[in-house]
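Only a predicted model underlies this, so the values are computations on that prediction, with no experimental measurement involved. Naming: A, B, ... by sequence-line order, numbering from 1 per chain.
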2 protein chains.
Amino acid sequence: MAQVLVAPRVRLNRDRVLQAAVGLADQVGIEALSMRRLAEELGVVPMALYKHVANKDELLDGMVEVIVAEIDPPARDAEWKTAVRLRVLSARQMLLRHPWARSVLESRTTPTPAVLDYLESTIGIFLAGGFTVDLTHHVMHAMGSRMWGFTQELFDASADPAQPPADPAAQVAQIQAMTERYPQILQISNAAAHDDSVVAHGCDDKFEFEFALDLLLDGFEQLQAAGWSSSPATPTA
Amino acid sequence: MAQVLVAPRVRLNRDRVLQAAVGLADQVGIEALSMRRLAEELGVVPMALYKHVANKDELLDGMVEVIVAEIDPPARDAEWKTAVRLRVLSARQMLLRHPWARSVLESRTTPTPAVLDYLESTIGIFLAGGFTVDLTHHVMHAMGSRMWGFTQELFDASADPAQPPADPAAQVAQIQAMTERYPQILQISNAAAHDDSVVAHGCDDKFEFEFALDLLLDGFEQLQAAGWSSSPATPTA
DNA sequence: ACCTGAACACCGTTCAAGT
DNA sequence: ACCTGAACACCGTTCAAGT
C-alpha cells in the first residue's frame, strides 16, 4: 500500500513548472490557476513550487516569458509596413492560442526580458524603415495593445463561458426592449451581420482588428512622409 | 459596555454600498477591496452586504455604473469630431480619478445599462455627423479602449507603488546594461525627455493619448469623405 | 425586512522539519 | 538540494438563526 502512489518521475525545475502553468491556464482558465492546483497537476505538494518560482507573481511573469517567445521574429528583408503587420498578426495568433494571455500581459507592471526583446526588435523595424526616433516613440505608444495582437474588445463574450442559455421567448423580449432603449447600438451590431434576424452572431474580429491596425499604419506613413516632428502640439495629417 | 459600539446610523442600501466601494477602491486599490473589508468600512458584518448586491461580481458591475455615470454627456451643437474628442477626454478624466477603473472595466463581460447608454450616445455622435452605419460600426471597434479614455499602457509604473527604491549605484549599472542589450528602447524612451541624463521620467501621457486619438479621428474623417464601405477587404486611405 | 454568527471550501505563503 | 506538513491570515459565500 505504501509505495503505490508514484513519486514525481521527473525532477521539478523552473521550465517544467512554467510549461505546466501555461498548459493548465489553457485548459482551465486563468482564474482557476492556483499554486495549489498547479502543484496537484504536477503531483507535488504546493510548497514544492516555491523552490522554482519565488511567488505567484513570478510564476505569471514566467508564463509571459514562455508565450512572448512564441511570437515570430521580425521578417528579414521586408518593408517596414509589412514587417510590422506580420509581427503583430503573429502576436495575435499567440493570443488566440492562449485566451488568458491578454489579461496577464496587462497585469504585469515590469517588463521581463522576452518582452523587452519583443519591443526592441519592433522598434528596430520602424527605425530601419526610416522613422525618426521621435516619431517612433509616439508610434509605439499609439500601437498600444494592438502591438500584442489585440484591441480592447468591449465585451468579450468568449471569455464568459458560464453564461446561462436564455429561453427563446425571453430572448425575443430582450431584443425588443433593446431596440427601444438602444436603437443605435442595435443598428451598429447588425451592420456586419449577413443575416440580421438574430443579434448574437458576433463581429469579424480579424477584420475589425486589421481595420484599426491599417488605419494607424497608414497614418504613420503619412506622418513620416510629411517629415512630422513633435514640436507642434497637435499632429495634422 | 454593551451599547457603546454604535449601530449603523444610516440604513444600508445599494447606493451606499456602491459609493463606499468606489471610495474604498480609490483609497486602498482594487486588489485590497474585499467584501469583508468593505463591510468593515461600513461598520457591518460581511454578510449584510449580500442583501444589497448578489455577489462580488455584481458589486463590481455596480461600481462601473457609478463611475460611467460620471462621464460628461455629449456636447450639444458641436461637430462630430470635437464632440467625440470631448467625450473621450471626459472619460479619461474619470479614469484618472479612479485608477482601478481600467482593469475593472476590462474585466466585465456583460454591459450594464450605464455602459450601454454611453455607447448609444457615442454612436449617436457619429451617425449625426453623417457616418454610415457600416463605417460607424468599424469606427467604434477601432476606438477600442480609447473610447474609455485609455490606451493600453505597456507598463503602468504608477500601478506598482510597491516598487523598492534601488540604490543609485545599482541603478547606473542597470542603465548601462540596458543600453547594451536594448539600445533602441533607450533611444525611444529618451525621445520625449527634456533632460536625458536619467531614464525614469516618464512620457507625456496626455500627448501620447491624443496623438493616437487624433490619428484615428483623422483617419475616420478621410474614410468618410471618401465614401468608404466595407465591401473591399482592406481600407485604403 | 434586514442583519448576524458560525461554518465551508478555498486562497497564497511562512516556518520548521524531514530526506 | 529539494520536498513535505502543519499552520496562519486571509478570501467569497451558504445556511440557519436572530430581531
Side-chain angles (χ1 to χ4, degrees), chain A residues 1-21 24-25 27-64 100 103-104 107-109 160 162 164, chain B residues 1-21 24-25 27-64 100 103-104 107-109 160 162 164:
Chain A
M1 213 69 154
Q3 284 162 281
V4 170
L5 293 173
V6 282
R9 307 140 207 280
V10 197
R11 196 64 145 296
L12 222 51
N13 60 41
R14 194 167 202 274
D15 205 62
R16 279 222 320 134
V17 170
L18 298 182
Q19 295 295 344
L24 189 55
Q27 282 174 47
V28 303
I30 197 67
E31 65 297 322
L33 177 83
S34 66
M35 297 296 275
R36 294 172 119 107
R37 177 85 195 264
L38 176 59
E40 194 185 16
E41 202 75 10
L42 285 162
V44 105
V45 93
M47 281 316 297
L49 301 176
Y50 286 79
K51 278 281 121 139
H52 303 102
V53 290
N55 48 39
K56 192 173 183 184
D57 242 57
E58 203 193 85
L59 176 75
L60 293 172
D61 276 338
M63 293 169 72
V64 166
W100 48 271
S103 70
V104 174
S107 73
R108 307 293 80 205
T109 53
D160 195 10
Chain B
M1 214 67 157
Q3 283 162 283
V4 171
L5 294 174
V6 282
R9 309 140 205 279
V10 197
R11 197 62 146 296
L12 223 52
N13 60 43
R14 194 166 202 273
D15 205 64
R16 277 217 329 132
V17 170
L18 297 183
Q19 295 295 343
L24 189 55
Q27 282 174 47
V28 302
I30 197 68
E31 66 297 323
L33 177 82
S34 66
M35 295 298 275
R36 293 171 119 107
R37 177 85 195 263
L38 176 59
E40 194 185 15
E41 202 75 12
L42 285 162
V44 106
V45 93
M47 282 316 296
L49 301 176
Y50 286 78
K51 276 283 121 136
H52 303 102
V53 290
N55 49 39
K56 191 174 184 183
D57 242 56
E58 204 194 85
L59 176 74
L60 292 172
D61 277 338
M63 293 170 72
V64 166
W100 48 271
S103 70
V104 174
S107 73
R108 307 294 78 205
T109 52
D160 197 8

Do side-chain atoms of H52(B) reach the backbone of V17(B) as a donor and acceptor pair under 3.5 angstrom?
-> no
Among the nucleotides [options], which one has an atom lying closest to any side-chain atom of [X]?
{"X": "P46(B)", "options": "dT4(C), dT13(D), dC2(C)", "answer": "dT13(D)"}
{"X": "M47(A)", "options": "dA6(D), dT13(D), dC3(D)", "answer": "dA6(D)"}
{"X": "R11(A)", "options": "dG12(C), dC3(D), dT4(C)", "answer": "dC3(D)"}

[X] [atom1] to [N] [atom2], straight-line distance once rounded to whole Å:
{"X": "R16(B)", "N": "dC3(C)", "atom1": "CZ", "atom2": "P", "answer": "9 Å"}
{"X": "R14(B)", "N": "dA1(C)", "atom1": "CZ", "atom2": "P", "answer": "19 Å"}
{"X": "N55(B)", "N": "dG12(D)", "atom1": "CG", "atom2": "P", "answer": "11 Å"}
{"X": "L49(B)", "N": "dT14(D)", "atom1": "CG", "atom2": "P", "answer": "14 Å"}
{"X": "L38(A)", "N": "dG12(C)", "atom1": "CG", "atom2": "P", "answer": "10 Å"}
{"X": "K51(A)", "N": "dA17(C)", "atom1": "NZ", "atom2": "P", "answer": "15 Å"}
{"X": "Y50(A)", "N": "dC15(C)", "atom1": "OH", "atom2": "C1'", "answer": "14 Å"}

Quick one: pull up [atom1] in [X] and [atom2] in [Y] and give me the separation to the nearest 0.5 Å.
{"X": "S34(B)", "Y": "L24(B)", "atom1": "OG", "atom2": "CG", "result": "8.0 Å"}
{"X": "L49(A)", "Y": "R36(A)", "atom1": "CG", "atom2": "CZ", "result": "11.0 Å"}
{"X": "M35(A)", "Y": "E40(A)", "atom1": "CE", "atom2": "CD", "result": "14.0 Å"}

What residues form a salt bridge (charged side-chain N to carboxylate O under 4.0 Å, His left out) with E41(B), not counting sequence neighbours?
-> none
Pairing residues for D15(A) by the salt bridge (charged side-chain N to carboxylate O under 4.0 Å, His left out) criterion, not counting sequence neighbours | none
All side-chain hydrogen bond (donor to acceptor under 3.5 Å, both in side chains) counterparts of R37(A), not counting sequence neighbours = none
Output all residues satisfying side-chain hydrogen bond (donor to acceptor under 3.5 Å, both in side chains) with E58(B), sequence neighbours left out; order by chain, then residue number.
-> R14(B)
Consecutive-pair stems (at least three Watson-Crick or G-U pairs, under 3.5 Å) that include DNA chain D = C:4-8 with D:12-16, C:12-16 with D:4-8
H52(A) vs dC3(D): side-chain N/O to OP1/OP2 distance below 4.0 Å = yes
Short heteroatom pairs, N/O only, protein and nucleotides 9-11 of chain C, under 3.5 Å:
from    : atom 1 : to     : atom 2 : distance (Å)
dC11(C) : OP1    : S34(A) : OG     : 3.2

Pairwise side-chain contact, L38(B) with L59(B), heavy-atom cut-off 4.5 Å (strictly under) | yes
